[in-house]
2 protein chains.
Amino acid sequence: MTSRREAVHDILRKSEGFRSAQDVYAQLRSAGAKIGLTTVYRALQALADGGKVDVLRTDDGESVYRACATDTHHHHLVCRKCGHTVEVAGPAVERWAEAVGAEHGFTEVTHTVEVFGTCSGCSTSARS
Amino acid sequence: MTSRREAVHDILRKSEGFRSAQDVYAQLRSAGAKIGLTTVYRALQALADGGKVDVLRTDDGESVYRACATDTHHHHLVCRKCGHTVEVAGPAVERWAEAVGAEHGFTEVTHTVEVFGTCSGCSTSARS
DNA sequence: GCGATTTTGACAACCATTTTCATTTCGCGG
DNA sequence: CCGCGAAATGAAAATGGTTGTCAAAATCGC
């Protein structure tokens with residue numbers, strides 16, 4: 001684990017929601033770190049490859065990253081307003097995906113699931 | 001519904017799996033149509049906005065499109081090898097997403113789900 | 001300390017997608 | 001059919017997230 005990867009991982013550990021490479025880079029630079037954008041991308045990729053970080057694609061096509069709170073398989077419930085993110089287990093989804101795959105003769109079935117909503121904090125402030 | 005949008009929609013209706021804008025453009029041009037890449041993108045966007053076409057983002061971040069076989073809410077089971085796609089209903093997923101959202105105090109809950117696997121055709125040929 | 005290997009950073013390159021703007025097409029009413 | 005305003009189009013330029021390149025720096029293991 002090199003110092004740059006550690007710095008990148010640290011930012012994600014201290015963040016609550018998903019962060020883009022551009023975000024992480026901007027934050028590190030404004031904190032005075034000497035790090036290149038390419039290095040940020042590569043660090044994020046290495047962290048993701050090592051299972052330390054989750055990646056998802058936004059509607060815009062950009063990759064965003066979040067430090068894993070748990071090693072177990074999980075999904076994300078993300079506030080569409082503030083980005084607040086909760087890791088959730090999805091046993092019902094796993095079962096459904098397996099069943100649907102089997103029903104149509106598919107093997108090696110994998111799935112992606114993301115859930116979006118408005119969190120209680122944002123619902124409350126939107127009303128005031 | 002303009003002639004360009006109709007042409008684009010036609011390509012998707014005659015395709016089985018998801019197609020990228022670049023694919024659709026290449027096919028239209030090689031069939032002799034005089035159409036611009038930008039127009040393809042805009043036609044796809046209009047079709048998606050009108051609910052006639054599903055969009056999803058690939059792992060590469062590229063958008064791909066598929067004509068909707070049904071107006072009802074559905075998900076996709078996609079072969080990772082050949083692109084063969086089946087539309088599937090997911091009542092268990094809907095219930096789970098609602099429950100998970102409610103459990104964490106979220107409102108206006110939406111979800112994205114895609115399922116990937118190797119279809120029976122590809123499993124069979126991979127073995128030969 | 002040393003050599004081999006890996007990582008880094010700045011810059012260039014890539015590529016899907018969107019913007020710009022002049023032109024064409026569309027849809028409607030007369 | 002014609003005229004008109006609005007919408008759509010196409011080509012070229014621009015955008016911006018991401019990756020490749022390559023020399024230099026850092027790391028690793030002995």
Side-chain angles (χ1 to χ4, degrees), chain A residues 1-13 15 17-67 78 80 83 112 114, chain B residues 1-13 15 17-67 78 80 83 112 114:
Chain A
M1 180 67 91
T2 68
S3 68
R4 305 317 195 281
R5 289 178 193 179
E6 194 54 50
V8 167
H9 196 202
D10 215 43
I11 296 273
L12 291 188
R13 274 192 295 236
S15 300
F18 280 90
R19 303 291 298 279
S20 68
Q22 304 287 343
D23 274 347
V24 173
Y25 174 70
Q27 184 170 337
L28 283 167
R29 297 296 279 199
S30 64
K34 183 165 184 340
I35 187 168
L37 179 57
T38 311
T39 301
V40 173
Y41 275 103
R42 281 185 296 220
L44 289 166
Q45 189 57 55
L47 291 166
D49 291 345
K52 295 185 172 24
V53 164
D54 285 326
V55 195
L56 72 79
R57 284 280 179 181
T58 66
D59 279 352
D60 297 335
E62 184 173 24
S63 293
V64 289
Y65 305 82
R66 185 172 180 275
V78 182
R80 60 171 68 92
T112 69
E114 307 302 339
Chain B
M1 177 67 91
T2 70
S3 68
R4 305 317 196 280
R5 288 179 192 178
E6 193 56 51
V8 167
H9 196 201
D10 216 43
I11 298 272
L12 292 188
R13 273 192 294 236
S15 301
F18 280 89
R19 304 291 298 279
S20 67
Q22 304 288 342
D23 273 349
V24 173
Y25 173 69
Q27 185 171 334
L28 284 166
R29 296 296 281 198
S30 66
K34 183 162 179 344
I35 187 166
L37 179 57
T38 310
T39 300
V40 173
Y41 275 104
R42 281 187 294 218
L44 289 166
Q45 188 57 55
L47 290 167
D49 291 345
K52 294 183 180 2
V53 164
D54 286 325
V55 195
L56 72 78
R57 284 282 179 178
T58 65
D59 279 351
D60 298 335
E62 185 174 25
S63 293
V64 289
Y65 306 83
R66 183 172 182 276
V78 182
R80 60 173 66 91
T112 67
E114 307 300 340

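Below, chain A is the first sequence line, B the second, and so on; all start at residue 1. None of the values given here were measured: they were computed from a predicted structure.
- Summarising the geometry, the separation between CG on A/L44 and P on C/dG9 is reported as 13 Å, rounded to the nearest angstrom.
- Between B/V55 and A/D59 there is no side-chain heavy-atom pair separated by less than 4.5 Å.
- Closest approach of B/V40 and B/A21 over heavy atoms only: CG1-O, 3.7 Å.
- Across all non-hydrogen atoms, the minimal contact from B/V8 to B/A43 is CG2-CB, 3.9 Å.
- Residue contacts for A/R5: at a heavy-atom cut-off of 4.0 Å it reaches the sugar-phosphate backbone alone, with no base atom in range.
- Atom CD1 of A/I35 is separated from atom P of C/dA10 by 10 Å (rounded to the nearest Å).
- Between A/R57 and A/S63, the shortest heavy-atom contact is CZ-OG, 3.2 Å.
- Put simply, the side chain of A/L37 does not reach to within 4.5 Å of the side chain of A/R29, judged on heavy atoms.
- One atom, CZ of A/R29, and another, P of C/dG9, lie 8 Å apart when rounded to the nearest Å.
- Taking only side-chain nitrogens and oxygens, B/Y41 never comes nearer than 4.0 Å to OP1 or OP2 of C/dT18.
- From the 5' end on, the contacts that DNA chain D makes with chain A at under 4.0 Å to a non-hydrogen atom open and close at D/dG17 to D/dT21.
- If you check every strand for non-hydrogen atoms under 4.0 Å, A/S20 touches nothing.
- Residue contacts for B/R4: at a heavy-atom cut-off of 4.0 Å it reaches the sugar-phosphate backbone alone, with no base atom in range.
- With rounding to whole Å, B/D23 atom CG is found 10 Å from C/dA16 atom P.
- B/T38 comes within contact range of at least one nucleobase, with a heavy-atom separation under 4.0 Å.
- The existence of a salt bridge linking B/R13 and B/E6 is confirmed by a sub-4.0 Å separation between a basic side-chain nitrogen and an acidic carboxylate oxygen.
- Nearer to the 5' terminus of DNA chain D, by closest-nucleotide assignment, is the contact made by B/R42 (compared with the other of B/R42 and A/Q45).
- The nearest whole Å value for the distance from the CD atom in B/E6 to the P atom in C/dT25 is 18 Å.
- Within the 4.0 angstrom heavy-atom criterion, base atoms lie near A/L37.
- For the helix from C/dG1-D/dC30 to C/dG30-D/dC1, the angle separating the two terminal helix axes comes to 40°, with each axis derived from five pairs and the value rounded to 10°.
- Shortest non-hydrogen contact noted between B/R19 and B/Q27 is NH2-OE1, 2.9 Å.
- The shortest non-hydrogen separation linking A/V53 to A/Y65 is CG1-CB, 3.7 Å.
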Legend entry - Check against side chain to side chain contact (heavy atoms under 4.5 Å, CB included), A/R5 and A/K52: CA-CA 11 Å; A/R5 289 178 193 179; A/K52 295 185 172 24; over 6 Å; no
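- Within 4.0 Å (heavy atoms only), A/T2 reaches sugar-phosphate atoms of the nucleic acid but no base atom.
- Counting to the nearest Å, the C1' atom of C/dA16 and the CD atom of A/E62 are 14 Å from each other.
- With rounding to the nearest 0.5 angstrom, the CG atom of B/D10 is 11.5 Å from the OG atom of B/S3.
- Each of A/A43 and B/Q22 was matched to the nucleotide of DNA chain C holding its nearest heavy atom; the match closer to the 5' end belongs to A/A43.
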